[in-house]
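Structure first, then comments.
FYI, side chains are in, hydrogens and waters are out, and symmetry mates aren't considered; it's all heavy atoms of this structure. So you know, we letter chains A, B, ... as the sequences are listed, proteins then strands, and number each from 1.
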Amino acid sequence: MSDEQYPAEETTADEVYDFRAIQDRWLPVWDELEPFRAGREGDVRPRKYILDMFPYPSGDLHMGHAEAFCFGDIVSRYWRGQGFDVLHPIGWDSFGLPAENAAIKRGIDPREWTYSNIDQQKKSFRLYAPSFDWSRVLHTSDPEYYKWNQWLFLEMYKKGLAYRKASWVNWDPVDQTVLANEQVLDDGTSERSGAVVVKKKLTQWYFKITDYADRLLDDLNQLEGAWPAKVLSMQRNWIGRSIGAEVDFEVEGHPEKISVFTTRPDTLYGATFMVVAPDADLAADLVAEATPEVAEAFQSYLTAVQKTSEVDRQNAEREKTGVFLHRYAINPVSGERIPIWAADYVLADYGHGAVMAVPAHDQRDLDFARQFDLPVRVVVDTTAPVTGVLPVIEFDGEGVPILPDDIESIDPAVTGRALTGDGRLTNSGPLNGLSKTNAIRRAIEVLEERGTGRSAKTYRLRDWLISRQRYWGTPIPILHGEDGELIPVPQEQLPVRLPASEGLDLKPKGSSPLGAADAWATVVDPDTGRQLRRDPDTMDTFVDSSWYYLRFLSAQDGTQAFDPAEAEKWAPVDQYVGGVEHAILHLLYARFITKVLCDLGYVNFTEPFSAVLNQGMVLLDGSKMSKSKGNLVEFADELDEHGADALRLTLAFAGPPEEDVDWADVSVHGSAKFLARAWRVAKDVSSAPDVDWKKGDQALRRHTHRFLAEAPGLTESFKFNVVVARLMELTNVTRKVIDSGAGPADPAVREAAEVITVALSMFAPYTAEDMWHRLGYEATVANAQWRKASPTLLVEESVTAIIQVDGKVRDRVEVSPKISVEDLEALARASEAVARATVGRQIVNVIVRAPKIVNIATTTF
RNA sequence: GCCCCCAUAGCCCAAUUGGCAGAGGCAGAUGACUUAAAAUCAUCCAAGUGUGGGUUCGAGUCCCACUGGGGGUACCA
């Protein structure tokens, strides 16, 4: 055994693991080496693009950041160890309201608050040590960044994808700005300010995301398995495509037809009235020539509806309300005359703002019909079984189907329950006897033949409202002429810089602060000399984040938003890591903008993020941490007390990354203990780096190589907690070999220690770096490559075969892994334990799965 | 209401995807070290997988129903 100590100079017997000393020692070394700069000249390694959702600079980093960036970093460091050139950039999503609100509160410039927070976060990140490429840092509030936001806007404007329209918009009365649909929560409040959002009619800028609705929906199929199922389902839901038909109804005494959208054209014969949204223009048209009494009734109803809060209006339990407009529509297939009502259960901005009401087969229509005593007519007999696609039903002499006797017992008018199931069409002329599916198809054919309807699709998705009446955002690069003309700012004049906030009143007041900056807002056209006004609004900050992943590829490029050649090299992002709170907003917008950029020829892919990992939340005692509730774990405190490595390891080990972590359930101290343990193993290795591992302890080597065989798959499927557990196991085994086995000089001990060090560097880079150094290698372990598992070491010399009788373990035998089915069965049959267990029983079947298990099935005589 | 996910030891979590329920950690117990405690180290202890059925030679794993918890979504025609 060699007594050589390696490296000799700093290995002393009483040295203990000291995370502060280790951090202090290696941080400057890493700063010097910049090991994570990606895309260096001549680098021929295959590439991976790993991206964390960039942070918003509100104060210092918190535990949520610690978790998300920990996972992104594990993935990044893993792929680096697998021989990839990994791009793992960092930037700041630094435009937005909190900066502005803080600025108003303290009377300072939003820039000051924003950039000092960014500096603080950068410092914390440096110590936390994610493997960022610091040469590509971007801040969306830099003119060098938002210039390209403006470029993007103009590209979209040229294509007709950015447009202005007057519409009812969501207005946040606290922040005094409009909001996108996506920013309004279910309860009708603003996701940012919490205020109850009201509707206001304003002329605003929109991005035409609805043009991409089908692609945004259909392309989700490509992401199946690579994105969280939950996110896919939320996006599908949000886009909300409905397939059905448009049906045109004539209106008595009205020149224009009313079109309605329905998913159930098969029930057209059951439409006994029509309902229009009271706040739709259509309703106003219909009462225009009404009697004063009707007009007045409608007006007071409309006023009441508009006073109803969004919260109450969305409550489906609410009693149906409405008012009869004293107008009649004509059913295009039956010619039947049906009354038209206005009711707020019909939404003005979905479909055509009007529905054909089929109370027998739609619960809402039925509730309404029962409320106002309107007729209910069953046209689908849901008691008739549908056994095939072809109708099988008896008809009487006149072609009327013979219905079961008990149809009355399920009459929805009586039960109050609409019949929405499948069945046979009845009371429906040419549709009689058809199943629901066939009747839908046939009804559309009939409508198309008569020219009174057609198949149609409708979406829940609305166009993306992007203008904001606030200061701290990207100015919209449009000039307004006095005649209302819109003039795009020429490309060479970009960026349109934000004016200094000094002297501007940033307080929310319903109009953009930029409009008051006269010197900034007034522009004289050099050609014509006429005065133009700059658009006073700024862009939704989700525009900034919809393409930032591309800017990282050319962060320093002053000539273009990004270099398409770089995009071809790196994009799309291989792994995106971030919170599920962005499941709809950010991810949908980024997907949309990517498709637009693809159509414009700037990129050659249609989806920005090939895979997404949503980390869970960090909780304390079962609930979300918050300063006001007093249950807060401060990132800075944890970092100071336990160090970056212990904190990161704790997050990785706490459980599956997509699950929430309760800080009360984990032990940072336990993680620190393990780090010290692993570190001591490396410290104790006393063989030189060039020893021949093959001569080492074979049992330990098998453990090491089993780890090497398992860890990559586990890491790639994000089972970081299991990888850590396996590392602990391997460390324990190695410790035993050092203390009571082959000893610290055994070559297998060095092999195990090196494998532990390289794998541990994913979770605990400082500790691993120090271990790597003690093992005799140059910094940095981040460049160390994972070894491949040796197949010969994975084959066990003998395995334990289980012998069961009727599924219960009765015996076990040591066998060769290559044992034949016959031999194993013979061994099993020869077992005394089996003989005891089968006394008085007859063996009926023997299942052999060599070399693992034999199951003997028996029966009593 | 509809859709999705989850339920394994006191706690956090594993289980090669149908083959011995336990890898790892926390807590606990015992011992070593210490005048003592903390820290550290060593050893040990622990459930038959939420409930009821089914498929199978064999079920934590697949199927059905239920219970409990979490999430998404909803007058979207």
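A:Phe368 has its ring centre less than 6.0 Å from the ring centre of A:Phe273. Here A:Phe71 and A:Phe720 bring their ring centres to under 6.0 angstrom of each other.
Side-chain proximity of A:Phe653 to B:C76, B:G24, B:A77: nearest is B:G24. Relative to the side chain of A:Ile584, the nucleotides B:G24, B:G19, B:U73 differ in distance, and B:U73 lies closest. In this structure, of B:G24, B:A77, B:A39, it is B:A77 that holds the atom nearest to the side chain of A:Val346. Here B:C13 is the nucleotide among B:C13, B:C57, B:G72 with the atom lying nearest to any side-chain atom of A:Pro656. Of the candidate nucleotides B:G24, B:U17, B:C41, B:G24 has the atom nearest to the side chain of A:Met728. For A:Glu729, the listed nucleotide lying nearest its side chain is B:A23; candidates were B:A23, B:C20, B:A77. Closest to the A:Arg460 side chain, of the nucleotides B:C76, B:U40, B:C11, is B:C76. Minimum atom distance to the side chain of A:Ala725 is reached by B:G24, of the listed B:A77, B:G71, B:G24. Which of B:G25, B:A14, B:C20 sits closest to the side chain of A:Val809 comes down to B:C20. Distance from the side chain of A:Arg364 is smallest to B:A77 among B:C20, B:C57, B:A77.
Within the nucleic acid shown, A:Glu659 has no heavy atom closer than 4.0 Å to any nucleic acid atom. A:Ser233 comes within 4.0 angstrom of nothing in the nucleic acid, heavy atoms only. When heavy atoms are screened at a 4.0 angstrom cut-off, A:Arg677 is found touching the sugar-phosphate backbone but no base atom.
Where A:Ala354 and A:Asn845 meet RNA chain B, the nucleotide closest to each residue was compared, and A:Asn845 sits on the side nearer the 5' end. Comparing A:Ile853 and A:Asp362 along RNA chain B, the residue whose closest nucleotide (by nearest heavy atom) sits nearer the 5' end is A:Ile853.
Taking atom C1' in both B:G18 and B:U56, the straight-line distance is 9 Å, to the nearest Å. Separation of the P atoms belonging to B:C33 and B:A38 is 15 Å when rounded to the nearest angstrom. Taking the P atoms as reference points, B:G60 lies 7 Å from B:U49, given to the whole Å. With C1' as the reference atom, B:U35 and B:C20 are 50 Å apart, rounded to whole Å. Of the P atoms belonging to B:C6 and B:A42, the separation is 37 Å, rounded to the nearest Å. Taking atom C1' in both B:G50 and B:C45, the straight-line distance is 25 Å, to the nearest Å. A distance of about 26 Å separates the C1' atoms of B:G1 and B:C63, rounded to the whole Å. Taking the P atoms as reference points, B:A46 lies 15 Å from B:A9, given to the whole Å.
With a cut-off of 3.5 Å on both pairing distances, the Watson-Crick or G-U wobble partner of B:C57 is B:G19. B:G10 is paired with B:C26 under the Watson-Crick or G-U wobble criterion, all donor-acceptor distances under 3.5 Å. The pairing partner recorded for B:C41 is B:G31, the criterion being a Watson-Crick or G-U wobble arrangement whose two distances lie under 3.5 angstrom. B:U51 is paired with B:A65 under the criterion used here, namely a Watson-Crick or G-U wobble arrangement in which both key atom distances are under 3.5 Å.
Nucleotide B:U17 is shown with a syn base, its glycosidic torsion being within 90° of 0. Because its glycosidic torsion is more than 90° from 0, B:G68 is reported here as anti.
Remark: C1' of B:C26 and CZ of A:Phe674 are 15 Å apart, rounded to the nearest angstrom. Straight-line distance from the CD atom of A:Gln363 to the C1' atom of B:C2: 13 Å, rounded to whole Å. Here the P atom of nucleotide B:C12 and the CG atom of A:Asp621 are 13 Å apart, to the nearest Å. Between the P atom of B:G70 and the CG atom of A:Asp662 lies a distance of 14 Å, rounded to the nearest Å.
A:His669 has no side-chain polar atom (N or O) that falls below the 4.0 Å cut-off from OP1 or OP2 of B:A27. Using a 4.0 Å cut-off, no side-chain N or O of A:Lys230 falls inside it from OP1 or OP2 of B:C3. The shortest distance between the side-chain N/O atoms of A:Arg680 and the OP1/OP2 oxygens of B:C41 is below 4.0 Å. Look at A:Thr263 and you won't find any side-chain N or O under 4.0 angstrom from OP1 or OP2 of B:C76. The side chain of A:Lys673 contributes an N or O atom lying less than 4.0 Å from OP1 or OP2 of B:C26. Contact check, A:Asn237 against B:C3: no side-chain N or O comes under 4.0 Å of OP1 or OP2.
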Checklist entry - Please walk me through it: do A:Arg460 and A:Asn237 pass side chain to side chain donor-acceptor pair (under 3.5 Å)? => result CA-CA 8 Å; A:Arg460 208 184 95 105; A:Asn237 237 315; 6.0 Å; no
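Side-chain to base pairing of A:Lys320 with B:C75: one donor and one acceptor N or O lie within less than 3.5 Å of each other. Residue A:Asp665 places no side-chain atom within donor-acceptor reach of the base of B:C12, judged by atom type and a 3.5 Å distance cut-off alone.
For A:Glu224, the CD atom counts as densely surrounded, since its 6.0 Å shell holds more than 12 non-hydrogen atoms of other residues, nucleotides or ligands.
There is no side-chain donor-acceptor pair under 3.5 Å between A:Asn331 and A:Tyr269. When only modelled atom types and interatomic distance are considered, A:Thr321 and A:Tyr301 share a side-chain donor-acceptor pair under 3.5 Å. Counted by atom type alone, A:Gln371 and A:Asp367 present zero donor-acceptor pairs between their side chains at under 3.5 Å. Side-chain N/O atoms of A:Glu729 and A:His703 include no donor and acceptor closer than 3.5 Å.
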